[in-house]
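Working notes, structure below.
Letters go in sequence order (proteins before strands), and every chain restarts at 1.
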2 protein chains.
Amino acid sequence: MKKETNKQISLAKRPQGLPNLEDFNFKEGVFPTPVSGEVVVKTLYLSVDPYMRGRMQDAKSYVAPYQLNEVITGGVIGEVVESRSTEFQEGDVVIGMLGWQEYSVASAAELRRIDPNLAPISTHLGVLGMPGLTAYLGLLEIGKPKEGETVVVSGAAGAVGSIVGQIAKLHGARVVGIAGTEEKIDYLLNELGFDAAVNYKTTTNLRHDLKDACPNGVDVYFDNVGGEVSDAVYPLLNTFARIPQCGAISSYNKEGKDVGPRIQSYLIKSSALVQGFVVSNYASQFGEAARQLGKWLAEGNLKYEETIVEGFENIPNAFLGLFEGSNLGKMLVKVAEPSHS
Amino acid sequence: MKKETNKQISLAKRPQGLPNLEDFNFKEGVFPTPVSGEVVVKTLYLSVDPYMRGRMQDAKSYVAPYQLNEVITGGVIGEVVESRSTEFQEGDVVIGMLGWQEYSVASAAELRRIDPNLAPISTHLGVLGMPGLTAYLGLLEIGKPKEGETVVVSGAAGAVGSIVGQIAKLHGARVVGIAGTEEKIDYLLNELGFDAAVNYKTTTNLRHDLKDACPNGVDVYFDNVGGEVSDAVYPLLNTFARIPQCGAISSYNKEGKDVGPRIQSYLIKSSALVQGFVVSNYASQFGEAARQLGKWLAEGNLKYEETIVEGFENIPNAFLGLFEGSNLGKMLVKVAEPSHS
C-alpha cells in the first residue's frame, strides 16, 4: 500500500491580518521512511484550531512559531501503516502532534494509541482531546463555578465553549452562552440546555441583552474571544469573579491594532481575577480530566458536535472558517478513511 | 476646650473627569455631641487617597458612593477630646474611617487606639496603615515574588508603590520602578535601593526603556496606575507572570473614554494572572502584616516618605494633587497638632 508521494501544506508567508489561501503552500513531499523506533502514520483526521494563528506570527508565545516553508503541525489522528517500533503495529489508531500532510513519520514517544471501540476516534481531537481538556481544566481550575453562580461563555458553540457550558451546568451553575448565529443559539438552548444565549451579531445592545440574561451578574466568564464581546461582559462582573482567559480569537488577526476599553478598573471594582492559560499548564491533570470527560460522555451527560470538512485540499479553508465562526463544535478535516472502518 | 463650630467638607457635585475645587463644598457644621459609648475625635491627620475618586461616582463598586452634600469620609488619625466610652479616654490617639471635618463623633467600635511611642502617629495612615497593608498583602498574596525574579511597580514613589518595591527587595527580587519626576526616580534609586527606575513622563519610548531595565522580562507587575504605563509593561510579561491590580489612577478621571490595547492576548501568551483587589479582601491577615511591617520599620529595613499638606482648607487641593503625582510617598493633610506633642 506504499504510496510514492505525500501531499503537504506549509506556511508560504506570515499572514497580515486575516489569513487567506495565499498564506499556504501545497507541495508534494516524499513518502517518509522510518528508522528503528519510528512508525509511519497515515493521516485520518486533522485538527484546525484558533491557537494556530498565533504560531503563524514570528513572535514569542507559549509555542514556537511555525517556520516558513516547513510543514504546519497540529493535532492529528492517524493509522499506523508501517512500524519499526515494538510499541505500535500496523492498523493501530494513534494521536499526536503531526503535520498537515498525508503521511507522517514519528517516534513511538510522540504518539498515543486510541481505542476506537470506546468512542468515535475523532472525539480525541475534540471532547476527549485538547479542547475538552481545555474546557474542563480552565473552567474547574480557574473558573471554579459554584452551584447557583452565573457562568458566561463566549465562543459558546465552539469546541471548547460548548463543553465549558455543559460542565458548568453539571456543577449547578446558571449558564449563559454568547455565539454568532441563530443555529448556534438554538443548539445552546435546545440541545445543550444552556439557561440563556445571546447572539452577539444580531443584538442591537449586547451589554443590555447580557444584563437581562444575567440578572444576578457574572461570577465566571470563560472567555474564548476577547474583543467587543468581552467589553460587554466586564461591567457585569460580580465581586470575586473569575475569568479563565482561554482565547481571544477576535484579536488574533488585528496585530496591535486591537484597542478597546481598558479593563483594569473593572477588575479592581469587583476584585476579579483574569488568568490566561494554555492547557499544557495542567498536563499533570490530563489523566484525571480525560477519565471524567469519558465518563460523562458515556453516561450521556456530555454532548458534542463536530464540523467535519472533507479532503486534504480543504485544510486551509477549514482553518480560515474558524475566524468566520463557521463551525458548530469542533472543526476537523477528514483526510482519509481508516482502513478497517 | 470645646469649640462651637466644626468645619466640614462635602461633595458638592459628582466630578466630571478630573475633579476640581468646585466639586467640594466647605460648610460649618455643629460640634458633635456624643451619646453613651461614643467619643468625640479631633482630627489631626487626614488621608487623601486615589480610591476616593471612585467613591465620588454614583456607581457600583467595592465601597458605597459618597452622597452629595454629606461629609466625605476617609482615614483619619485624631485625638479623643471627649469620651462617653469606657474604652477611650481624653488624649488617646485613635484611627478610624471618619469625616473630612475638624471633629467627628464615633462609637468605640469604629476606632482603634494608636501607641504614639512606637512610631510617628502619621505612619498609621501610611507605611503601617492601609497603604502599607495594601502593598504587603497585594504583593505577597497575589504577586508572590521569588528570589531573582523581576518585579515592576508603577506609581513606584507613591504611598503603596514605595513599600511594594522595598518588600520585593527584601524578598530578593530585582525591582524596577516607574514614576513621573526626576526627584522620584532619584528617591527610588538612591534612597529605596531600587535596581532601576524609569521616568514615564520624560522617556521617548517607555517600552524600550522598560525592556532595558528588565533584561529578564517581568515576573510580577504591581500596578497602581493602568493606562499607557501598563500598556508598555504587558509585552514584557514572562510565563506565569502575576499582576496585582491595585489601582488604575490614570483611568479614574476618564469615565468610559479610557481605551487602549486589549490585554487578553498578552495574558494568554504568558499564562499571566491579573487579580484586582482591595485590601479589605485580606482583613484576616491585617494583624500579621502590620506586625511584619512594624518589625521592618523598627529594624530600618523599610523607609517611607510623607507629603504633608498643612491646613484643613487645603484638603481638596491635596486630593487633587494625587492626580498630578505631586506626592512623594503618602499624601496626608495635617489638620491640627496633638495637644501633647
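In this structure, no portion of B:Tyr266 lies under 4.5 Å from any heavy atom of chain A. Heavy atoms closer than 4.5 Å to chain A are found nowhere in B:Tyr51, neither backbone nor side chain. Looking at B:Ile263, only its side chain comes within 4.5 Å of chain A, counting heavy atoms on both sides. For a residue to count as touching a neighbouring chain, one of its non-hydrogen atoms must lie under 4.5 Å from one of that chain's; by this rule B:Leu237 touches chain A with the backbone only. For B:Ser270, no part sits under 4.5 Å from any heavy atom of chain A, backbone or side chain.
Note that CG of A:Leu267 and SG of B:Cys246 are 12.5 Å apart. Values are rounded to the nearest 0.5 Å. Note that the CG atom of B:Asp223 and the CD1 atom of A:Ile268 stand 7.5 Å from one another [nearest 0.5 Å].
The only member of B:Val274, B:Leu273, B:Ile142 that meets side chain to side chain contact (heavy atoms under 4.5 Å, CB included) when paired with A:Leu273 is B:Leu273.
Looking at heavy atoms from C-beta onward, B:Lys257 lies out of side-chain contact with A:Pro261 at the 4.5 angstrom threshold. For the pair B:Gln264 and A:Ser230, the minimum side-chain heavy-atom distance is below 4.5 Å.
In terms of non-hydrogen atom pairs under 4.5 Å with chain B, the most contact-rich of A:Arg262, A:Lys269, A:Gln245 is A:Arg262. Taking B:Gly226, B:Pro235, B:Gly227 one by one and counting their heavy-atom pairs under 4.5 Å with chain A, the maximum is reached by B:Gly227.
B:Ser271 and A:Phe277 get closest at one heavy-atom pair: OG-CA, 3.7 Å.
Around the CD atom of A:Gln57, the shell of radius 6.0 Å holds more than 12 heavy atoms that belong to other residues, nucleotides or ligands.
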